[in-house]
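Residue numbers begin at 1 in each chain, while the letters A, B, ... track the order of the sequences. Because the structure is a prediction, the values reported are computed rather than measured.
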Protein chains: 2
Amino acid sequence: MATIYEVAELAGVSPATVSRVFNGTRVSPEREEAVREAAEKLNFTPNRTARTLRRRNSEVIALVIPDIENPYFTELARGVEDVAQAAGYSVVLCNTDERPDKEQRYLAVAVSENMAGVILAPASDQTDLDAFVASGRPVVAVDRASAYDIDAVVVSNRDAGRAAASALLEAGYRRIACITGPDGIETALERAAGWREVVGERMPEGYLRYSTFRVEGGREAMTELLALPEPPDAVVATNNLMAVGALQLLAERGLTPPEVGVGVVGGLPFTTISPAAVSVVRLPARHIGVTAARMLMERIGGDREPARTVVLRSELIPAAAPAPAAAAPAATE
Amino acid sequence: MATIYEVAELAGVSPATVSRVFNGTRVSPEREEAVREAAEKLNFTPNRTARTLRRRNSEVIALVIPDIENPYFTELARGVEDVAQAAGYSVVLCNTDERPDKEQRYLAVAVSENMAGVILAPASDQTDLDAFVASGRPVVAVDRASAYDIDAVVVSNRDAGRAAASALLEAGYRRIACITGPDGIETALERAAGWREVVGERMPEGYLRYSTFRVEGGREAMTELLALPEPPDAVVATNNLMAVGALQLLAERGLTPPEVGVGVVGGLPFTTISPAAVSVVRLPARHIGVTAARMLMERIGGDREPARTVVLRSELIPAAAPAPAAAAPAATE
DNA sequence: TTGAAAGCGCTAACAA
DNA sequence: TTGTTAGCGCTTTCAA
């Protein structure tokens, strides 16, 4: 790896001039030409580590997410990446596995590596950002809001839950259950609250189930729901993976939609059933990423305005197929 | 951000001693204690940028993949991550979108950031590694072998294609088509070659279709296959996303497996159909990642042995359900 | 416009 | 075992 000194020597200029050429500062055309030629010949690439050390600021941002295998987050990541790339930043993707300790570690690394900023999908509501905020580096929360006074990009989770439940109700289902994420996670609670607003208090005991935001969680909850004395004729799953789990289990029992109604908050990744049979409340994952990245870029650019929270809209894609006539009669009323 | 000098001053020792404490070199217990106390008090974290500049080596490795939204690669990433974490390395995930220019850029960044090494799933067979290899940093290829003399972790693509086709043949299907990736991509060609070995040359014209390794590609190819004068009664999809596309289209036409036989190379991500209906040749994505990361760690540790290529086995999970009796009669023989 | 020179924070000889 | 010191490669005053 050639250095700025070798280029300078070959070009017959000072190291400072070489630096200027590579940083867009004005340099006389002849010298610039000479520098570029020398750099080319030596296959010179500026050493980013040195630059970062000197400038105390790198052209890298971190995207810290709880589950890299969840398509919702990879889609969000694509949005972040596109904006960051265009602005000349690299994105490093950090997977916390929903573990606060890993999250802490990555935040510490971000500071320690002088990263320009962080976009964080908090693993829990108690994420400790004290040290990071104290470092003065910008951070934007996505997906879940934060207790800290920082920028955030979220969706209206309650609206999304409400929309999913409403779609099922309008399709003619009457006993609508809900499978949501862990008790204590804001997104899980809010989406379930939206469902509750629609179905009211009259649903049978046990129609609301807390589980993990994973495929297995959806399967387990669905199994329990089907084992109920009065099983539901429809179900709202409050995230994509739980919906997949629920649909898998229904398929194994021969109960594919619309036989049992299914509503999802968040999109069905790589679904192989006819998508028309499920009501999907699409979360704008990519858009969240784009918006968060733009906000972060503004902060990196020196924006010192008070923290903002942007609430994005989700979009209902109702099932094409209505509830079968059989659905209502099957009810034991 | 406190520096090593401030810690040294507070602890009443030299900066070198502070450095030693944080690098595990022997230091007298009293001084070590004093340093740790001072560091704690000042909330000191070593500046990795400075360390990297000085050591010319960071504790970060890059994982460069063509499609971060493909669960195959995220699963692989998890494997890499687990090994790297355990060894004290951070993993930065770089998405190339199958674009050679983005790939080049990330490789340049890896050098420029003094990263410890790279695990690369080449975007194409012509990936230019000259500059990277010249930098002397270790690189391990995954998924696709490389023309360069570098470590690689691959699967036997031909075996995988053969296994998928065989499973369908044994299940009783007779007109077995194949949807594979772009002509020119080694994995696509090899898996198709495996299929060809099983079905022989007697398949009708147009039973082998080249497409993109994406959902849309699978849909399009499946559409074309169904429009054939003599449509197939089964199909091998040579990657996960194309299989999803093919299954989606089949579902929309009311042709769910086992009515039409489906074999996949690579696993069905988040499938919502009964998995028993599809023959899956599972690719050991996570294991590939783990193996590649271990090899990279060895190289980083100073291993100078000649380049090795590890070939991992794929595993057939045959469909539980056999071909329906209707399948054979439907053939126009 | 250009160059000299002083660091950014850390590590690793080397000497004590 | 400890401290002194010279850089790692770059950017950025400051002076010319």
Side-chain angles (χ1 to χ4, degrees), chain A residues 1-36 38-39 42-60 88 108-116 135-137, chain B residues 1-36 38-39 42-60 88 108-116 135-137:
Chain A
M1 286 287 84
T3 76
I4 217 175
Y5 288 93
E6 307 173 47
V7 175
E9 175 146 23
L10 185 56
V13 300
S14 76
T17 299
V18 178
S19 172
R20 287 183 184 115
V21 169
F22 283 92
N23 287 289
T25 320
R26 270 211 62 74
V27 164
S28 73
E30 317 85 75
R31 295 191 194 230
E32 166 147 11
E33 176 56 21
V35 168
R36 294 212 179 277
L42 295 173
N43 215 324
F44 168 79
T45 323
N47 181 321
R48 282 173 175 243
T49 305
R51 164 184 298 191
T52 300
L53 177 60
R54 176 61 223 237
R55 290 219 193 136
R56 302 141 145 250
N57 208 347
S58 79
E59 282 95 50
V60 176
V109 169
V111 174
S112 178
E113 296 265 17
N114 292 301
M115 289 187 192
S135 81
R137 299 189 177 276
Chain B
M1 285 287 83
T3 75
I4 218 174
Y5 288 94
E6 305 173 49
V7 175
E9 176 146 22
L10 184 57
V13 301
S14 76
T17 299
V18 177
S19 172
R20 288 183 183 114
V21 168
F22 283 92
N23 286 289
T25 321
R26 271 212 61 74
V27 163
S28 74
E30 318 85 74
R31 297 194 191 226
E32 166 149 9
E33 176 58 22
V35 168
R36 293 213 179 279
L42 295 175
N43 215 324
F44 169 77
T45 322
N47 181 321
R48 282 172 175 243
T49 304
R51 166 184 299 191
T52 299
L53 177 60
R54 176 60 224 234
R55 289 216 195 142
R56 301 141 146 249
N57 207 347
S58 79
E59 282 94 52
V60 176
V109 169
V111 174
S112 179
E113 295 264 18
N114 292 302
M115 289 186 192
S135 81
R137 299 191 176 274

How many whole angstroms separate atom [atom1] of [X] from atom [atom2] of [N]?
X        : N      : atom1 : atom2 : answer
A:Glu9   : D:dG9  : CD    : C1'   : 16 Å
B:Asn57  : D:dG9  : CG    : P     : 13 Å
B:Asn23  : D:dT2  : CG    : P     : 15 Å
A:Leu42  : D:dG9  : CG    : C1'   : 15 Å
B:Asn114 : D:dC10 : CG    : P     : 10 Å
A:Ile4   : D:dC8  : CD1   : C1'   : 13 Å
B:Glu6   : C:dC8  : CD    : P     : 11 Å
A:Glu59  : D:dC10 : CD    : P     : 13 Å

**Item:** Interatomic distance, B:Glu113 atom CD to A:Asn47 atom CG [nearest 0.5 angstrom]
**Value:** 8.5 Å
**Fill in**
dist A:Leu42:CG -> A:Glu9:CD (nearest 0.5 Å) comes out at 10.0 Å
**Prompt:** Looking only at side chains, do B:Thr49 and A:Asn114 share a donor and an acceptor under 3.5 Å apart?
**Reply:** yes
**Request:** Establish whether the base of D:dG9 is bridged to the side chain of A:Arg48 by a donor-acceptor pair shorter than 3.5 Å.
**Result:** no
Establish, with yes or no, whether the OP1 or OP2 oxygen of [N] is under 4.0 angstrom from a side-chain nitrogen or oxygen of [X].
X       : N      : answer
B:Asn47 : C:dC8  : no
A:Arg56 : C:dC8  : no
A:Arg55 : D:dC10 : no
B:Arg31 : D:dG3  : yes
A:Ser14 : C:dG3  : yes
B:Thr17 : D:dT2  : no

Taking only the side-chain heavy atoms of [X] (C-beta and beyond), determine which of [options] contains the nearest atom.
X       : options              : value
A:Val27 : C:dG9, D:dC10, C:dT2 : C:dT2
B:Ala16 : D:dG3, D:dC8, C:dT11 : D:dG3
A:Ser28 : C:dT1, C:dG3, C:dC10 : C:dT1

**Complete:** Ranking B:Ala50 and B:Arg20 by the position along DNA chain D of their nearest nucleotide, the one closer to 5' is B:Arg20
**Prompt:** In terms of the nearest nucleotide of DNA chain D, which residue is placed more toward the 5' end: B:Arg54 or A:Arg54?
**Reply:** B:Arg54
**Asked** Counting N and O atoms only, with roles assigned by atom type, does the side chain of B:Arg48 sit under 3.5 Å from a partner on the main chain of B:Ser58, one being a donor and the other an acceptor?
**Response** no
**Message:** Quick check: closest heavy atoms across A:Arg51 and A:Glu59, and the distance to 0.1 Å?
**Reply:** NH1-OE1, 3.7 Å
**Message:** So A:Phe44, base contact, sugar-phosphate only, or nothing? Heavy-atom distance under 4.0 Å.
**Reply:** sugar-phosphate
**Complete:** Of A:Asn23, A:Thr17, A:Val18, the one forming a side-chain contact (heavy atoms from CB on, under 4.5 Å) with A:Arg20 is A:Thr17
**Request:** Select from A:Glu30 and A:Tyr5 the residue whose nearest nucleotide in DNA chain C is closer to the 5' end of that strand.
**Result:** A:Glu30
